[in-house]
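Positions are given from 1 along the sequence.
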Amino acid sequence: MAAKQGKPLPQALPTSKPVAQIRALAQRLAGDNAKPSKSSFWSKLVRKPS
């Protein structure tokens, strides 16, 4: 179905069992403590002088 729609699997079928398993694997590989940062990559590189 995702291939027919031309979309990635998580976008075409976000609640499917394979997508849930892929997300669980990604979370385990990233670690349970992995949290998205509040600041972007670029904002960390380019800081405004105080």
Side-chain angles (χ1 to χ4, degrees):
M1 184 173 184
K4 286 182 182 179
Q5 292 179 357
K7 295 180 181 178
L9 187 60
Q11 191 176 19
L13 300 166
T15 58
S16 68
K17 190 170 183 175
V19 171
Q21 293 296 319
I22 293 169
R23 286 186 178 156
L25 176 61
Q27 188 174 19
R28 284 195 324 192
L29 290 174
D32 291 334
N33 299 343
K35 295 180 184 177
S37 66
K38 292 185 180 183
S39 60
S40 71
F41 171 76
W42 291 110
S43 67
K44 290 178 184 177
L45 290 176
V46 182
R47 294 188 180 191
K48 294 180 183 179
S50 321

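- Partners of Leu25 by side-chain contact (heavy atoms from CB on, under 4.5 Å), not counting sequence neighbours, listed by chain and number: Arg28, Leu29.
- Take Pro8 and apply the side-chain contact (heavy atoms from CB on, under 4.5 Å) test, not counting sequence neighbours, and it matches Pro10, Gln11.
- Applying the side-chain contact (heavy atoms from CB on, under 4.5 Å) criterion to Ala12, with sequence neighbours excluded, gives Ala2, Gln5, Lys7.
- Of all the heavy atoms in Val19 and Leu13, the pair that sits closest is CG2-O, 3.4 Å.
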